[in-house]
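Here is the structure we will look at, set down as structure tokens.
Since we're looking at a predicted model, the values are computed, not measured.
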Amino acid sequence: MTTVELTRFRVEPARVEELLRARPAMLADFRADRSGFLDARLVRLPGDEWLDIVTWSTPEDFAASRAKGANLPGIGAFFAAIAGLVSAEEGQEPPVTGS
């Protein structure tokens with residue numbers, strides 16, 4: 001069962017381009033440094049808010065990533081463009097069953 005991280009955050013309009021420019025390096029750093037990282041999707045919401053949907057192999061992989069924080073330059077640059085956290089949640093995708 002995979003783990004899904006849902007992080008909603010605010011970005012000031014003047015920093016949106018910075019956030020988007022930093023995204024590819026952040027994803028490259030995650031692929032290189034974060035065991036169990038599977039995928040990430042970034043969604044723009046109304047009101048200067050964004051939702052990052054990140055998929056991990058296990059809850060332990062997600063916890064280990066969270067403990068590392070912004071330990072690499074690409075991750076740090078992405079996090080630096082964020083004005084504030086709105087919410088953070090974690091859930092598990094149920095297994096696909098054929099019926």
Side-chain angles (χ1 to χ4, degrees):
M1 197 168 3
T2 58
T3 296
V4 179
E5 169 192 4
L6 303 166
T7 305
R8 190 171 180 153
F9 54 88
R10 285 186 302 284
V11 177
E12 299 297 328
R15 298 193 79 180
V16 168
E17 289 303 316
E18 176 186 347
L19 178 89
L20 296 176
R21 278 192 311 271
R23 184 69 172 182
M26 184 215 99
L27 293 174
D29 283 353
F30 265 43
R31 286 184 191 98
D33 185 60
R34 307 294 165 109
S35 178
F37 171 74
L38 299 175
D39 188 59
R41 293 180 58 200
L42 187 61
V43 180
R44 190 173 197 165
L45 303 170
D48 301 326
E49 291 188 2
W50 295 75
L51 177 66
D52 208 354
I53 305 165
V54 184
T55 309
W56 301 93
S57 293
T58 68
E60 295 79 17
D61 291 330
F62 172 49
S65 174
R66 182 178 274 168
K68 286 184 175 187
N71 66 324
L72 295 174
I75 299 167
F78 183 81
F79 287 0
I82 296 172
L85 180 67
V86 174
S87 65
E89 297 181 79
E90 173 185 352
Q92 278 71 44
E93 288 183 324
V96 177
T97 59
S99 36

Which atom names give the shortest non-hydrogen contact between [X] and [Y], and what distance separates them?
| X | Y | value |
| --- | --- | --- |
| Ser57 | Leu38 | OG-CD2, 3.5 Å |
| Val86 | Arg10 | CG2-NH1, 3.3 Å |
| Ala22 | Ala77 | CB-C, 3.9 Å |
| Met1 | Glu93 | CG-O, 2.6 Å |
| Ala40 | Val54 | CB-CG2, 4.1 Å |
| Trp50 | Leu45 | C-CD1, 4.0 Å |

With clusters defined by side-chain heavy atoms of hydrophobic residues (ILVMFWY) lying less than 4.5 Å apart, directly or transitively, does [Y] cluster with [X]?
| X | Y | result |
| --- | --- | --- |
| Phe62 | Leu27 | yes |
| Val11 | Leu6 | no |
| Leu42 | Met26 | yes |
| Leu72 | Leu19 | yes |

Residue Glu12 excluded, over 12 heavy atoms near CD under 6.0 Å =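 No.
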Taking C-beta and beyond as the side chain, do Glu5 and Asp52 meet within less than 4.5 Å on heavy atoms?
->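 When only atoms from C-beta onward are counted, Asp52 and Glu5 do not touch, as no gap falls below 4.5 Å.
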For the [atom1] atom of [X] and the [atom2] atom of [Y], what is their distance to the nearest 0.5 Å?
| X | Y | atom1 | atom2 | result |
| --- | --- | --- | --- | --- |
| Trp56 | Ser65 | CH2 | OG | 3.0 Å |
| Arg34 | Ile75 | CZ | CD1 | 3.5 Å |
| Thr7 | Ile82 | OG1 | CD1 | 8.0 Å |
| Ile53 | Asp39 | CD1 | CG | 9.5 Å |

For residues 73-92, which residue pairs qualify under ring pair (Phe, Tyr, Trp, His ring centres under 6.0 Å), counting only residues two or more places apart or in two chains?
->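 Ring pair (Phe, Tyr, Trp, His ring centres under 6.0 Å) check on residues 73-92 returns no pairs.
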Donor on one side chain, acceptor on other, Glu89 and Ser87, under 3.5 Å |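 Short answer, no.
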Please report the C-alpha distance between Arg15 and Glu18 in whole Å, then the side-chain angles of each, then the deciding distance to 0.1 Å, and finally whether the salt bridge (Lys or Arg N to Asp or Glu O under 4.0 Å) criterion is met.
-> CA-CA 5 Å; Arg15 298 193 79 180; Glu18 176 186 347; 2.8 Å; yes
